[in-house]
Amino acid sequence: MTNTANIALGDKSAEYPVLSGSVGPDVIDIRKLYGNTGRFTYDPGFTSTAACESKITYIDGDQGILLYRGYPIDQLAEKSNFLEVAYLLLNGDLPSKPDHDEFTHLITRHTMIHEQLAQFYRGFRRDAHPMAIMCGIVGAMAAFYHDSTDIHDPQQRVIASHRIIAKMPTLAAMAYKYSIGQPFLYPDNSLSFAGNFLRMTFGVPAEPYVIDPVVEDAMEKLLILQADHEQNASTSTVRLAGSSGANPFACISAGIACLWGPAHGGANEAALNMLREIGTPDRIPEFIARAKNKDDPFRLMGFGHRVYKNYDPRAKVMSKVAKDILDKLGRSDPIFDVARELEHIALNDPYFIDKKLYPNVDFYSGVVMSAIGFPTSMFTVLFAISRAVGWIAQWTEMMEDPEQKIGRPRQLYTGPTQRDFVPLNARG
Ligand code: CMC
């Protein structure tokens, strides 16, 4: 088997190494291409470009496989808990019992935020989107920890990771409380990660908050399913921001901004809004026709994925979580019925079959979050709490990579060539 690729341009050709990972497609190492040929590669959207080496998450989009550090996502969602998964993503292996307990203790010790940070919320409009608040408030954490975060010190990187994972739920719950005019609740470190977040979000200081184990379990699964997804847009944003040596809290804020978009994490909000707009199964054909119409910008939200050309394995688990929580809470949700029928119709339609468009994680996550009681505007915030683990694990991996360089893509320039400045009074 050849381990080089020959690239010929005119009468010149050169060999380029072909690198193999532990699994997945080989990659052609074209780092010397520009030096050898004076040519760049052109790959908008990075559809054919591996930007880094990573040991964290593996996706086989054709088979519909997602592994965190080698473990299938369905096994982790079924058998693990969010903090154990966070440990796995950060450290590479599942923790021993003492390591698990110590990690849980460390994260728990960081759940409170600096009291002064709470003042920031008052600067936002009450009706501000919570993702806008999260971009600002997580970035603002850099102001509190900048001097104490030497990114070149491994121990300080670990502390920054723990702070981010631990404080995200506190900040997110405060964004929610601020929007509904209720007082902020301090964390309760006797509770699980998910339980603590539920209490800070839905509890009030005037009375005890009783956690429903069904809801807590669904919340844990939701967090596990979205914790990492290799080099997606927001993770690549965090890596790119971090590649310049920027403060990690500021980098996570950049990731939150990217996640907000409806083509990425914002799709869960858009998907539920779409399901509500459809309302009843008899209106599905109308929306399917719109999704297929080239002249209509409408897309089926929660459908399609850059990498999965098969059923998104997270969507499989999420659809089961949605069914379970509705059954266990003894509720029926017409939106869930619309989602199931829409999925059935789309999966049998040649347009979706030919383009390999399947439900993604966001198709059912909205049903679960809505059943828990979250308003749609909080959906992407929950995604951010979970994905913060992946972001910080990937940032740490990048910081430890001896081959790490500042990210600096090139371009195909198609603007004007050099021309002389014309004074204002001489312009036509
Ligand atoms: N509904 C209808 N048509 C679609 C859809 C859709 N949801 N997604 C893709 N297509 C069509 C698209 O029009 C294009 O058709 P053609 O080849 O005729 O031009 C073809 O499928 C390929 O689409 P693309 O936009 O070139 O594919 P992409 O890999 O650049 O985009 C995507 C992937 C996720 C942005 C896109 O599928 C999409 O916009 N989906 C809806 C938004 C969504 O659910 N996003 C959540 C992604 S999963 C959560 C996460 O990881 O953040």
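The structure presented is a predicted model; accordingly, all values stated were derived computationally and were not measured. Numbering of ligands and ligand atoms starts at 1, following listing order.
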Undergrad: Return the set of residues passing side-chain hydrogen bond (donor to acceptor under 3.5 Å, both in side chains) with Asp29 (not counting sequence neighbours), or none when no residue passes.
TA: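 Counting only residues at least two positions away or on another chain, Asp29 forms a side-chain hydrogen bond (donor to acceptor under 3.5 Å, both in side chains) with Arg31.
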Undergrad: Can you name the one residue among Phe379, Tyr178, Trp260 that meets ring pair (Phe, Tyr, Trp, His ring centres under 6.0 Å) with His129?
TA: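 That would be Trp260.
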Undergrad: For Arg314 and Tyr308, which heavy atoms make the closest approach, and how far apart are they?
TA: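 So the two residues come closest at NH2-CE1, 3.8 Å.
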Undergrad: Among side-chain atoms of Thr57 and His229, is any donor-acceptor pair under 3.5 angstrom?
TA: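 On atom types as modelled, these side chains do not qualify, holding no pair under 3.5 Å.
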Undergrad: Can you pull every nitrogen or oxygen pair between ligand 1 and the protein closer than 3.5 angstrom?
TA:
| unit_1 | atom_1 | unit_2 | atom_2 | d |
| --- | --- | --- | --- | --- |
| ligand 1 | 1 (N) | Leu300 | N | 3.1 |
| ligand 1 | 3 (N) | Tyr351 | OH | 3.0 |
| ligand 1 | 7 (N) | Leu300 | O | 2.7 |
| ligand 1 | 7 (N) | Phe303 | O | 2.9 |
| ligand 1 | 13 (O) | Arg299 | NH2 | 3.4 |
| ligand 1 | 18 (O) | Lys294 | NZ | 2.6 |
| ligand 1 | 18 (O) | Lys355 | NZ | 2.8 |
| ligand 1 | 19 (O) | Lys294 | NZ | 3.4 |
| ligand 1 | 25 (O) | Arg299 | NH1 | 3.0 |
| ligand 1 | 25 (O) | Arg299 | NH2 | 2.9 |
| ligand 1 | 29 (O) | Arg306 | NE | 2.8 |
| ligand 1 | 30 (O) | Arg306 | NH2 | 3.0 |
| ligand 1 | 39 (O) | Arg299 | NH1 | 2.9 |
| ligand 1 | 40 (N) | Phe303 | O | 2.9 |
| ligand 1 | 44 (O) | Gly302 | N | 2.8 |
| ligand 1 | 44 (O) | Asn360 | ND2 | 2.9 |
| ligand 1 | 45 (N) | Ala263 | O | 3.1 |
| ligand 1 | 52 (O) | His264 | O | 3.4 |
| ligand 1 | 52 (O) | His264 | ND1 | 2.5 |

Undergrad: Would you check if Tyr68 and Ile73 make a side-chain contact, meaning some heavy-atom pair closer than 4.5 Å?
TA: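 Side-chain contact under 4.5 Å: yes.
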Undergrad: Check whether the side chains of Thr235 and Glu230 place a donor and an acceptor atom closer than 3.5 Å, and report yes or no.
TA: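 Short answer, no.
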